[in-house]
Amino acid sequence: MDNLLEKNERYGLKHCLPALESLIRERKTFFANPTGNAFYFNRALQDLPELTPSSVSLDSSKILIGSRADADDQSYKRLSENLFRLCPWRKGPFQVFGVDIDSEWQSWMKWDRFKHVLPDPAGKKILDIGSSNGYYMFRAAAFDPLLVLGVEPQHSFYYQYLALQKYLGLDNLSCIPAGFERLPAMDRYFDLVFCMGILYHRKSPIEMLAQIKRMMRPGGMLVLDNLVLDSAADMCLFPESRYAKMRNVFFIPDLKCMQSWLKRAGFSSVSCVDVSKTTKEEQRKTFWIQTESLADFLDPLDPDHTVEGYPAPVRAVFTACA
Ligand SMILES: C[S@@+](CC[C@H](N)C(=O)[O-])C[C@H]1O[C@@H](n2cnc3c(N)ncnc32)[C@H](O)[C@@H]1O
């Protein structure tokens, strides 16, 4: 977070500096003496060994940081144990000094669905809403952006980001451990925004889209990934209670409805670039997550439906112009 304030002139953050400073100060105060699960994650972070990667590869499906040869046996053991204490690793995969973090999600599959339509990230200001451990921030960092700002309220994911950054040290990346709604008014600021896997968790999806639009430079690109119904009948699913065992899913639009939301929020040139049913190859239980995964969310006798009887997860990626 510090690098954001230190480089505020380079990033052109003058207009929102006091509000940003106050948010960062408040978050830093919490993380200086973290409590609850953050206390344990912080201990794992502090116990990571000091290592320097001989090589890094950000532009690859599995993000590679250093090699096994960079760490002696003792450091390698300490590294694997402390990375494991930061479970669950949902996004990835990563290989850190030879430790293979086989995350729940094969996140590269999503990246591959839209990378061909991305504008060149070089010199751009990018926002990743719900950045988790930074997988997509790191993928974007391979192309020399001016800034990638992540916002991520979940402690475990934020500490995973800090652990990876400990070894990567990318100073044009910054993550604020807070929800998107806590960001100050950064009007017309970002050139490229990722809003992926978030909108169905929001009670007011159109308000969120409108807020994103306000934060974007006119002409900038939004990349939106959302759960959808694979139809074009202007319909939207509102689960009575849970969807795929998730308590916090509100609106799942169909493809036409999703387009209308984007247009009503003020976006233009709306385009659907991919529709994919989530498979057990993309989302599955591994050694690095202890909770349930896709197979547990689907009806075992009818995997085209969730355990609640709703259509099984299908995700679509849209691009739209601010
Ligand atoms: C389904 S995951 C998607 C992660 C990643 N964007 C992706 O597409 O793979 C949703 C993420 O959003 C985060 N999140 C939840 N509420 C949020 C909020 N209000 N603002 C920003 N991120 C939020 C969660 O902690 C989680 O990391």
Side-chain angles (χ1 to χ4, degrees), residues 87-92 102-114 129-130 132 135 152-154 156-157 179-181 194-209 223-265 270-318 320:
C87 279
W89 286 80
R90 298 211 178 276
K91 310 299 169 183
D102 186 13
S103 51
E104 177 189 16
W105 285 85
Q106 295 286 307
S107 302
W108 56 271
M109 292 174 81
K110 192 185 285 187
W111 181 260
D112 283 357
R113 288 178 190 128
F114 63 80
I129 305 169
S132 187
Y135 180 86
E152 174 52 60
Q154 278 241 19
S156 54
F157 306 146
F180 166 72
E181 55 286 351
F194 299 138
C195 175
M196 306 195 294
I198 298 287
L199 212 59
Y200 51 86
H201 289 311
R202 307 300 295 181
K203 288 182 185 160
S204 305
I206 302 174
E207 258 175 38
M208 182 184 198
L209 290 173
V223 177
L224 179 113
D225 156 273
N226 201 29
L227 279 174
V228 292
L229 301 178
D230 192 3
S231 65
D234 261 336
M235 302 290 281
C236 183
L237 167 68
F238 181 79
E240 184 185 358
S241 171
R242 297 185 182 212
Y243 174 85
K245 295 195 182 172
M246 290 182 280
R247 250 186 278 260
N248 57 351
V249 172
F250 298 99
F251 298 97
I252 303 182
D254 79 1
L255 298 166
K256 200 151 168 255
C257 183
M258 187 64 250
Q259 297 223 4
S260 310
W261 286 1
L262 284 160
K263 286 180 192 160
R264 287 242 204 152
V270 176
S271 168
C272 178
V273 295
D274 183 81
V275 181
S276 296
K277 189 168 178 180
T278 307
T279 63
K280 291 175 199 165
E281 284 69 49
E282 184 171 4
Q283 185 191 13
R284 74 275 190 268
K285 203 169 167 67
T286 73
F287 176 67
W288 293 85
I289 72 146
Q290 288 72 44
T291 50
E292 293 182 314
S293 192
L294 181 66
D296 308 294
F297 306 148
L298 301 180
D299 180 343
L301 299 176
D302 174 14
D304 284 338
H305 289 89
T306 67
V307 288
E308 301 85 3
Y310 293 120
V314 172
R315 286 164 193 269
V317 181
F318 288 81

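- Applying the ring pair (Phe, Tyr, Trp, His ring centres under 6.0 Å) test to Phe287 and every residue at least two apart in sequence or in another chain returns Phe84.
- Scanning all heavy atoms of the two residues, the minimum distance from Pro153 to Gly179 falls at CB-N, 3.9 Å.
- Using a 4.5 Å cut-off on side-chain heavy atoms (C-beta onward), Asn226 and Met258 make contact.
- In this structure, the side chains of Leu255 and Val275 come closer than 4.5 Å at one or more pairs of heavy atoms.
- Asp225 pairs by the side-chain hydrogen bond (donor to acceptor under 3.5 Å, both in side chains) definition with Lys110, not counting sequence neighbours.
- With sequence neighbours excluded, the residues forming a side-chain hydrogen bond (donor to acceptor under 3.5 Å, both in side chains) with Glu181 are Arg202, listed by chain and number.
- Few gaps surround CD on Gln290; more than 12 heavy atoms of other groups in view lie less than 6.0 Å from it.
- Residue pairs meeting the salt bridge (Lys or Arg N to Asp or Glu O under 4.0 Å) criterion with at least one member in residues 279-289, sequence neighbours excluded: Asp102-Arg284, Arg113-Glu282.
- Looking at Ser107 and Lys91, their side chains come closer than 4.5 Å, going by heavy atoms from C-beta outward.
- Side chains of Trp261 and Pro253 form a contact here, defined as non-hydrogen atoms less than 4.5 Å apart.
- Note that SG of Cys87 and CD of Glu104 are 11.5 Å apart. Values are rounded to the nearest 0.5 Å.
- With sequence neighbours left out, Asp234 forms a salt bridge (Lys or Arg N to Asp or Glu O under 4.0 Å) with Lys256.
- At least one donor-acceptor pair under 3.5 Å links the side chain of Glu152 to the backbone N or O of Gln154.
- Ser204 contributes no side-chain N or O that, together with a main-chain N or O of Ile206, makes up a donor-acceptor pair within less than 3.5 Å.
- Although no hydrogens or angles enter the test, the distance criterion places no donor-acceptor pair under 3.5 Å between the side chain of His201 and the main chain of Val249.
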Which pairs of donor and acceptor atoms, one on a side chain in residues 297-306, lie under 3.5 Å apart (sequence neighbours left out)?
{"unit_1": "Asp299", "atom_1": "OD1", "unit_2": "Leu301", "atom_2": "N", "d": "2.9"}
{"unit_1": "Asp302", "atom_1": "OD1", "unit_2": "Asp304", "atom_2": "N", "d": "3.3"}
{"unit_1": "Asp302", "atom_1": "OD2", "unit_2": "His305", "atom_2": "ND1", "d": "2.6"}
{"unit_1": "Asp304", "atom_1": "OD1", "unit_2": "Lys277", "atom_2": "NZ", "d": "2.5"}
{"unit_1": "Thr306", "atom_1": "OG1", "unit_2": "Glu308", "atom_2": "N", "d": "3.2"}
{"unit_1": "Thr306", "atom_1": "OG1", "unit_2": "Glu308", "atom_2": "OE1", "d": "2.8"}
{"unit_1": "Thr306", "atom_1": "OG1", "unit_2": "Gly309", "atom_2": "N", "d": "3.4"}
{"unit_1": "Thr306", "atom_1": "OG1", "unit_2": "Tyr310", "atom_2": "N", "d": "3.1"}

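- Side-chain atoms of Thr278 and Trp105, non-hydrogen and from C-beta on, do get closer than 4.5 Å to each other.
- Interatomic distance, CD of Gln106 versus OG1 of Thr279, reported as 9.5 Å (0.5 Å rounding).
- By the 4.5 Å heavy-atom criterion applied to side chains, Ile129 and Met208 are counted as neighbours.
- Among residues two or more places apart in sequence or in another chain, the side chain to side chain contact (heavy atoms under 4.5 Å, CB included) test is passed with Ser271 by Val273, Thr319.
- Between the CZ atom in Phe180 and the SG atom in Cys195 there is a gap of 7.5 Å [rounded to 0.5 Å].
- Each of Tyr243, Phe238, Tyr200 was scored for a ring-ring contact (aromatic ring centres under 6.0 Å, His included) with Phe251, with one residue passing: Phe238.
- In this structure, the side-chain hydrogen bond (donor to acceptor under 3.5 Å, both in side chains) partners of Thr291, at least two apart in sequence or on a different chain, are Arg90.
- The ring pair (Phe, Tyr, Trp, His ring centres under 6.0 Å) test applied to Tyr135 returns Phe94, not counting sequence neighbours.
- Asp112 meets the side-chain hydrogen bond (donor to acceptor under 3.5 Å, both in side chains) test with Lys115; sequence neighbours excluded.
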Inset, instruction - Given side chain to side chain contact (heavy atoms under 4.5 Å, CB included), test Ser103 with Trp288 step by step and report yes or no. - result: CA-CA 6 Å; Ser103 51; Trp288 293 85; 6.0 Å; no

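- Considering only heavy atoms from C-beta on, Leu294 comes within 4.5 Å of Pro313 through its side chain.
- Here the closest heavy-atom approach between residue Leu237 and residue Pro239 is recorded as O-CD, 3.8 Å.
- For residues 244-254, every residue pair satisfying the salt bridge (Lys or Arg N to Asp or Glu O under 4.0 Å) rule, not counting sequence neighbours, is listed here: Lys245-Glu292.
- Scanning for ring pair (Phe, Tyr, Trp, His ring centres under 6.0 Å) contacts around Phe114 gives Trp111, Phe194, with sequence neighbours left out.
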Inset, instruction - Assess whether side chain to side chain contact (heavy atoms under 4.5 Å, CB included) is satisfied between Val317 and Leu224, documenting all intermediate values. - result: CA-CA 6 Å; Val317 181; Leu224 179 113; over 6 Å; no

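- Contact annotation: the side chain of Leu229 approaches that of Pro311 to within less than 4.5 Å [non-hydrogen atoms, C-beta and beyond].
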